[in-house]
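Inspection log for the structure reproduced underneath, given as structure tokens.
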Amino acid sequence: MILVTGGAGFIGANFVLDWLKSCSEPVVNLDKLTYAGNLHNLDSLADDPRHLFVHGDIGDSALVAHLLQEHQPRAIINFAAESHVDRSIHGPEDFIRTNVNGTFALLGAAREYWEQLGTDDKAGFRFLHVSTDEVYGSLGPQDAPFTEHTPYAPNSPYSASKAASDHLVRAWHHTYGLPTLTTNCSNNYGPYQFPEKLVPLMIHNALSGKPLPVYGDGLNIRDWLYVSDHCSAIRTVLNAGRPGEVYNIGGWNEKTNMEVVHTLCDILDQARPQTGSHRALIHHVRDRAGHDRRYAIDAGKIERELGWKPEETFETGIRKTVAWYLDNQPWVEAVTSGEYRHWLERHYGART
Ligand code: NAD
Ligand code: TYD
């Protein structure tokens, strides 16, 4: 079996659902259920004995040690994190607590467990750490995309905390021999993404007739990857990646934020026709502090060495995503109450 952390969040939940669709190996899912964790993402597994959910913190070493001893996983896949840049600007403490101290505690428990395994289990064990392209910092318009050798230059409290966790993972391999794998992926989009991030926020606001808040000039560039392609890349790295290595994952889909928002508006104009285009809702608002201008991923290594390729283009993935949100409005309504409204007031209230 495998131990997944953060498996009630956006990518973790997609990973667990895809994993149990594609193989029979059970999953222990450890999640703290912060505002971003949602057990409804896993409703379809309610009667599935292959999925065991445990409510807890990756920083709780005693709990993690107990889970490892009890379930004897062959791998740990660490998705658990605070993941939203804007929240990290308002309150970096949680990011240090989970992304840095939490990963440190998880590595410690993993090492203790791994060291007492028998020879074969020890050789087969993997600690896969899920990270982001944001650790590499910001690119100029003519710069080559990030490779695994691009020096780290994180600019936000979020990316700095993820960079710190990547360094810890690297050191636990180099110093203690823990068989680690690190993946650095570009921006994901798809089902179950919390509507604080660009794509689901724009869909949600457009459907409610609310302004679409584009930061600054909207010409910041991100590389976009459909979430199930990220999940398939992680499975590939887990199966065939070389311990101690880093793999960049991306979709070769560089888009400005304006292009993304225009595409979403145009799809919604077809799916939910109204008088005038949803584009009329676009509002430029005050820019994000320290806003990185461009991210781009060179995914050549994982393609060449492990034979992975994304299945979706941006055009197919974004249509599937809009369709999912239209078909799952009760999910959106459930996650956009309480804490979510408080966040919108706090973050966007002063921007417009
Ligand atoms: P998310 O915020 O949607 O989910 C994070 C999950 O982790 C939640 O279920 C939350 O409850 C859980 N969690 C938080 N703190 C925890 C703790 N201390 N112990 C246990 N569980 C905890 O995030 P996401 O978008 O699914 O991202 C998952 C991982 O992928 C993160 O490590 C993130 O840095 C990385 N990543 C995300 C993207 C992206 O575009 N979303 C891109 C590249 C990498
Ligand atoms: P986001 O989804 O927060 O991901 P990240 O900051 O990790 O790349 O934001 C993606 C881009 O969209 C980023 O350049 C910031 C921008 N953005 C907006 O313009 N408006 C918004 O309301 C949000 C949430 C993001």
Side-chain angles (χ1 to χ4, degrees), residues 4-15 29-39 41-42 54-60 63-64 77-89 94-95 97-99 101-103 105-106 129-135 138 156 158-159 161-162 165-166 183-190 192-202 204-205 211-225 227 230 234 248-250 255-258 260-261 282-288 290-295 297 335 343-344 347-348 351:
V4 165
T5 72
F10 163 48
I11 306 174
N14 275 284
F15 180 84
N29 184 350
L30 172 65
D31 195 295
K32 188 177 171 181
L33 295 180
T34 67
Y35 78 93
N38 183 355
L39 276 180
N41 299 355
L42 303 161
V54 179
H55 184 198
D57 193 321
I58 57 166
D60 183 344
L63 171 66
V64 175
I77 302 158
N78 183 31
F79 293 93
E82 290 294 334
S83 69
H84 188 33
V85 172
D86 292 317
R87 285 187 191 253
S88 83
I89 296 168
D94 287 346
F95 289 72
R97 193 172 305 117
T98 284
N99 301 1
N101 295 331
T103 304
L106 189 65
H129 179 61
V130 179
S131 192
T132 165
D133 60 356
E134 305 193 22
V135 297
S138 185
S156 72
Y158 163 65
S159 56
S161 69
K162 290 297 290 187
S165 68
D166 294 5
T183 55
N184 293 90
C185 188
S186 58
N187 283 52
N188 283 213
Y189 63 97
Y192 302 111
Q193 188 167 30
F194 193 75
E196 64 184 354
K197 305 274 169 68
L198 180 73
V199 168
L201 181 102
M202 294 298 167
H204 178 57
N205 281 17
L212 308 181
V214 171
Y215 299 161
D217 62 9
L219 298 181
N220 304 67
I221 292 172
R222 299 291 182 264
D223 170 67
W224 293 94
L225 183 70
V227 64
H230 187 187
I234 292 171
N248 281 357
I249 304 170
K255 304 277 175 203
T256 65
N257 294 337
M258 288 307 287
V260 172
V261 176
I282 293 172
H283 280 247
H284 289 266
V285 300
R286 195 177 73 220
D287 208 353
R288 172 187 280 172
H291 198 175
D292 283 340
R293 194 65 175 165
R294 174 175 168 238
Y295 304 141
I297 278 274
V335 300
W343 163 250
L344 291 188
H347 181 60
Y348 292 99
R351 287 189 110 79

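All values reported here derive from a predicted model rather than from experimental measurement. In each ligand, atom 1 is the first atom listed, and ligand 1 is the first ligand listed.
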Quiz item: Which one holds for Y348 and ligand 2: side chain close, backbone close, both close, or neither close, with close meaning a heavy atom under 4.0 Å?
Solution: side chain
Considering only protein heavy atoms, which is closest to [atom], and at what distance to one decimal place?
atom	value
atom 13 (C) of ligand 2	H291 NE2, 3.4 Å
atom 2 (O) of ligand 2	L198 N, 2.9 Å
atom 20 (N) of ligand 2	P213 O, 2.8 Å

Mark up the atoms of ligand 1 that fall under 4.0 Å of a heavy atom belonging to [X], in ascending order.
X	result
L33	11 (O)
D57	17 (C), 18 (N), 19 (N)
G56	19 (N), 20 (C)

Does [X] approach ligand 1 within less than 4.0 angstrom via side chain, backbone, both or neither, non-hydrogen atoms only?
X	answer
Y158	side chain
K162	side chain
A13	neither

Self-check item: Distance-only N or O hit between ligand 2 and N257, under 3.5 Å
Solution: yes
Quiz item: Can you tell me how far CG of D223 sits from CG of N187, rounded to the nearest 0.5 angstrom?
Solution: 7.5 Å
